[in-house]
Amino acid sequence: MFFGDAWPAVEAFHAFLADEGELRGLVGPREVARLWERHLLNSAAVVPFLPEDGLIVDVGSGAGLPGVVIAAMRPRAQVMLVEPMERRVTWLLDVVERTGLANVEVRRARAQELDGAVEADVVTARAVASLDKLYRWTTPLVRQGGSVLAMKGARAEEELAAAAGVMRSLGLVDGRVHEVTTIAGTEPTRVVSAVRGRGARVR
């Protein structure tokens, strides 16, 4: 089974999304039948790039993608779900209760508001903003030597190239696009990784 020990929590998350996700305005009506492939397995594609423990901050968590899947698959890590919208924060708190995930903290905030408040090993983001904006918002939240992992679409390479100047100014290095297939027959997911260089200063 792909999700292994994470299966009970991921299955409970799927059931909750299927039951209430559309009603709460978190997923469109066409997405309900495609939750596994387009959202849950897609979210799981980032997990191989994550440490087993430490602090993982998921910004713009929204419906909990990929943050809730990450928390289920990395039970030894602390996962902070960062979301500015109150109704989505309420949803995320309900998800934590429904899934029984004990390693999740939900924080109502914008990423920019957490500068100086957190020092993550990894920051993740899915469909939040273009890479140049995302890097400005998230790099201050990552420790030196830590990573920013962004889940992107078909134009990932173009976005990464366009963000080169911003990356240099922020001390981000080793930008790469990884194509990840979780289960044979599913569409690959593009994960863009970048590392905050040691000694980099973020203003």
Does one side chain, of Asn103 or Arg74, offer a donor that lies under 3.5 Å from an acceptor on the other? no
Between Gly54 and Asp121, which heavy-atom pair has the shortest distance, and what is it? CA-OD2, 3.3 Å
Without placing hydrogens or testing angles, list every side-chain donor-acceptor pair under 3.5 Å for residues 63-72, not counting sequence neighbours.
none

Geometric class of the Trp36/Phe3 ring pair [parallel <30°, tilted 30-60°, perpendicular >60°]: tilted
To the nearest 0.5 Å, what is the distance between CZ on Arg38 and CD on Glu187? 9.0 Å
Measuring from atom CZ of Arg196 to atom OG1 of Thr138, what distance do you get when rounded to the nearest 0.5 angstrom? 10.5 Å
Considering all heavy atoms, the nearest Ala156-Val192 contact: CB-CG2, 4.0 Å
With a 4.5 Å limit on heavy-atom distance, are the side chains of Val128 and Trp137 in contact? yes
Is there a side chain to side chain contact (heavy atoms under 4.5 Å, CB included) between Arg88 and Leu26 once you walk through the steps? CA-CA 8 Å; Arg88 291 178 179 172; Leu26 294 158; 3.9 Å; yes
Thr139 side-chain N/O to Arg136 backbone N/O, donor-acceptor pair under 3.5 Å: no
Going by salt bridge (Lys or Arg N to Asp or Glu O under 4.0 Å), name the residues that satisfy it together with Arg24, two or more places apart in sequence or in a different chain. Glu20, Asp94
Results of side chain to side chain contact (heavy atoms under 4.5 Å, CB included) for Glu158 - residues two or more places apart only: Arg155
Tell me, do Ser61 and Leu92 make a side-chain contact under 4.5 Å, heavy atoms counted? yes
Cluster check Phe2, Phe49: I/L/V/M/F/W/Y, side chain < 4.5 angstrom: yes
All heavy atoms of Ile56 vs all of Ala77, minimum pair found to be CD1-CB, 3.8 Å
Using the rule that Ile, Leu, Val, Met, Phe, Trp and Tyr join whenever any side-chain heavy atoms are under 4.5 Å apart, tell me whether Val104 and Trp7 fall into a single cluster. yes
Going through the checks in order, is the side chain to side chain contact (heavy atoms under 4.5 Å, CB included) test met by Asp58 and Met80? CA-CA 6 Å; Asp58 183 45; Met80 181 185 293; over 6 Å; no
Test item: Val95 and Glu97 side chains (from C-beta on) under 4.5 Å apart, heavy atoms: no
4.5 Å side-chain heavy-atom contact, Pro51 and Val122: yes
Measure the shortest side-chain to side-chain distance between Met167 and Leu160 over non-hydrogen atoms and say whether it is less than 4.5 angstrom. yes
Determine whether the aromatic ring centres of Trp91 and Phe16 lie less than 6.0 Å apart. yes
Within one Ile-Leu-Val-Met-Phe-Trp-Tyr cluster: Leu93 and Leu17, side-chain cutoff 4.5 Å: yes
Evaluate the criterion side chain to side chain contact (heavy atoms under 4.5 Å, CB included) for residue pair Thr182 and Asn42; output intermediate values, then yes/no. CA-CA 8 Å; Thr182 50; Asn42 176 268; over 6 Å; no
Minimum heavy-atom separation for Val59 and Ala111, please, with both atom names. CG1-CB, 4.0 Å
Are Val195 and Leu50 linked, directly or through intermediate hydrophobic residues, by side-chain heavy-atom contacts shorter than 4.5 Å (ILVMFWY only)? no
Nearest-0.5 Å distance that lies between atom OG1 in Thr99 and atom CD in Glu11: 12.5 Å
Could you check whether any side-chain heavy atom of Ile183 comes within less than 4.5 Å of a side-chain heavy atom of Thr181, counting everything from C-beta outward? no
Separation between CD (Glu159) and OG (Ser130), nearest 0.5 Å, reads 6.0 Å
Can you confirm whether more than 12 heavy atoms, excluding those of Arg168, are under 6.0 Å from its CZ atom? no
Is there a donor-acceptor pair under 3.5 Å between the side chain of Glu83 and the backbone N or O of Gly62? yes
If you compare all heavy atoms of Gly197 against all heavy atoms of Gln144, which two are closest, and at what distance to 0.1 Å? O-CG, 4.0 Å
Quick one: pull up CG in Leu141 and CD in Glu119 and give me the separation to the nearest 0.5 Å. 10.5 Å
Between Glu179 and Arg190, is there a side-chain N and carboxylate O pair less than 4.0 Å apart? yes
Considering residues, nucleotides and ligands other than Arg110, do more than 12 of their heavy atoms fall under 6.0 Å from its CZ? no
Kindly indicate whether the side chain of His39, heavy atoms from C-beta on, has any atom under 4.5 Å from the side chain of Arg126. yes
Could you go through Val57 and Thr124, starting from their C-alpha distance and side-chain angles, then the distance that decides it, and tell me whether this counts as side chain to side chain contact (heavy atoms under 4.5 Å, CB included)? CA-CA 6 Å; Val57 175; Thr124 60; over 6 Å; no
Any side-chain heavy-atom pair from Lys152 and Leu131 closer than 4.5 angstrom? yes
Short N-O contact, Arg34 and Glu31, less than 4.0 angstrom: yes
The reported gap from CD in Gln112 to NZ in Lys133 (rounded to nearest 0.5 angstrom) is 10.5 Å
